[in-house]
Colleague: 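Dumping the structure here so I can ask a few things about it.
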Amino acid sequence: MIVADKFVFVHLPRSGGTFVSDVIRKFFPTAREIGYHLPRSLLPREFSHLPILGAVRNPWEFYVSWYNHVLPRDAATTLVSWMSEAGKLGFTDTTRNALNLGVNNERLDVLIEMLPEQVDYYKRNVPNITKDAMHKIRGSGIGYYTFRFNHLFGNANDVFICRTETLRHDLLGFFETIGAATDKMRDYVLCSENQNSSEHLHYSTYYTPELAELVSVRDHQLIERFGYVFEQATSVQDGGPKPCIEKPTTNL
């Protein structure tokens, strides 16, 4: 979570947050991180009046990005190890475990036992989830990505959410609404390189029909709220829209 004078950014993993954080640090000198993936519920009261900024992505794409990012780096960490059987499982089985997080009580009990009672959010120990937070998913039927969204944003009706697919324009739109956009910022946001991206084929190539359907069931809240669909394509580089895109001619 990053706090600036005019807003707060809550960072949902693998959803364009590294790019957003880079823009914030570059153009808001007073911005500071007060916790790594800190949930909005823990936002200090002194900042509670500020508007909240966040980002989200297509859930089907999230699981592909997440798998390709964390497995090579974090297979030994608690949550990833639990989902992937210490890196032994492939994408299909690992993602199925992530999607069934809230319905398989036996496996969930094992995971909760492995998680800490408290988290030091100043340490970059993704995913920063406590036993108490994970207890709340039991019986919910939601998938891991929806769980993370709910955990970080809570009731997100008053949050300005950027879609990763239109991140650059959405982000500028937010900065326009708070009166912070400048020509220099517009140039940077529209033309700078993607951040923290992972290379992989289009997400649709990773899914069996059954697994794609499971995402539509477990993450239906986000899919319906943001109008996502399962698309077919040939290839993609993770990390959002490509620079440099055409500059808007009017305010966003």
Side-chain angles (χ1 to χ4, degrees), residues 10-15 37 39-41 54-71 74-119 125-157 159 161 164 200 203-231:
V10 177
H11 186 172
L12 179 64
R14 307 307 304 158
S15 302
H37 298 308
R40 181 188 182 184
S41 61
V56 71
R57 80 186 308 163
N58 185 318
W60 287 283
E61 186 174 13
F62 163 78
Y63 289 106
V64 174
S65 174
W66 171 76
Y67 177 84
N68 282 280
H69 180 75
V70 302
L71 260 294
D74 302 321
T77 59
T78 300
L79 185 60
V80 178
S81 177
W82 177 88
M83 290 183 181
S84 67
E85 299 290 350
K88 297 176 184 177
L89 300 181
F91 172 78
T92 298
D93 290 330
T94 299
T95 302
R96 185 181 294 112
N97 284 338
L99 291 165
N100 288 331
L101 192 62
V103 298
N104 189 325
N105 288 335
E106 184 176 344
R107 282 186 55 81
L108 182 61
D109 288 339
V110 173
L111 174 59
I112 290 173
E113 184 63 28
M114 298 164 64
L115 292 172
E117 296 283 354
Q118 302 291 332
V119 167
N125 54 331
V126 177
N128 291 5
I129 300 176
T130 63
K131 292 181 185 293
D132 181 64
M134 191 58 71
H135 270 296
K136 296 175 182 177
I137 198 174
R138 189 185 302 276
S140 66
I142 62 175
Y144 174 65
Y145 192 45
T146 298
F147 163 71
R148 288 294 274 155
F149 183 94
N150 293 342
H151 176 237
L152 286 171
F153 294 112
N155 181 353
N157 290 336
V159 178
I161 299 290
T164 303
H200 55 77
Y203 68 82
S204 62
T205 64
Y206 289 76
Y207 284 91
T208 64
E210 294 77 14
L211 189 62
E213 176 63 21
L214 188 59
V215 175
S216 71
V217 172
R218 300 290 187 233
D219 290 308
H220 71 90
Q221 295 176 13
L222 296 183
I223 291 168
E224 294 168 6
R225 176 173 182 172
F226 296 101
Y228 284 119
V229 295
F230 185 78
E231 299 173 322

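This structure is a prediction, so every number in the text was calculated from the model and none was measured.
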Colleague: Can you check whether L99 reaches Y63 side chain to side chain, under 4.5 Å on heavy atoms?
Modeller: yes
Colleague: Between W60 and A212 (side chain of the first, backbone of the second, donor and acceptor by atom type, cut-off under 3.5 Å), is there such a pair?
Modeller: yes
Colleague: Is any NZ, NE, NH1 or NH2 atom of the basic residue among R96 and E85 found under 4.0 Å from an Asp or Glu carboxylate oxygen of the other?
Modeller: no
Colleague: Hey, does T146 have a side-chain heavy atom less than 4.5 Å from the side chain of R218?
Modeller: no
Colleague: Is there a donor-acceptor contact under 3.5 Å from the side chain of S84 to the main chain of V80?
Modeller: yes
Colleague: For P59 and L222, which heavy atoms make the closest approach, and how far apart are they?
Modeller: CG-CB, 4.2 Å
Colleague: Whether D219 and R225 form a salt bridge (side-chain N of Lys/Arg under 4.0 Å from carboxylate O of Asp/Glu) is what I want to check.
Modeller: no
Colleague: Between atom CG of N155 and atom CZ of R40, what is the distance when rounded to the nearest 0.5 Å?
Modeller: 7.5 Å
Colleague: Taking all non-hydrogen atoms of both residues into account, name the closest pair between M134 and I129 and its distance.
Modeller: CE-CG2, 3.7 Å
Colleague: Looking only at heavy atoms, what is the nearest atom pair of T130 and L115, with distance?
Modeller: O-CD1, 3.9 Å
Colleague: For F230 and Y207, take the angle between the two ring planes, folded into 0 to 90°, and tell me which bin it lands in: parallel under 30, tilted 30 to 60, perpendicular over 60.
Modeller: perpendicular
Colleague: State whether the side chain of W82 and the backbone N or O of I112 hold a donor-acceptor pair below 3.5 Å, judged by distance alone.
Modeller: no
Colleague: Going by heavy atoms in the side chains, are R148 and W66 under 4.5 Å from each other?
Modeller: no
Colleague: Looking at A55 and S15, what are the two nearest heavy atoms and their distance?
Modeller: CB-O, 3.2 Å
Colleague: Just by distance, do the side chain of N58 and the backbone of V229 share a donor-acceptor pair under 3.5 Å?
Modeller: yes
Colleague: Looking only at heavy atoms, what is the nearest atom pair of P13 and L152, with distance?
Modeller: CD-CD1, 3.7 Å
Colleague: What I'd like to find out is whether the side chain of R138 reaches to under 4.5 Å of the side chain of D109, using heavy atoms alone.
Modeller: yes
Colleague: With heavy-atom distances below 4.5 Å as the criterion, would you say the side chains of V103 and L108 are in contact?
Modeller: no
Colleague: Nearest heavy-atom pair of K131 and M114: which atoms, and what distance?
Modeller: NZ-N, 4.2 Å
Colleague: Applying ring-ring contact (aromatic ring centres under 6.0 Å, His included) between F62 and each of Y145, F147, Y203, report the one that passes.
Modeller: Y145
Colleague: Hey, are the side chains of F149 and Q221 touching, using non-hydrogen atoms and a 4.5 Å cut-off?
Modeller: no
Colleague: Using a 3.5 Å distance criterion without hydrogens, assess whether the side chain of R14 forms a donor-acceptor pair with backbone atoms of V64.
Modeller: no
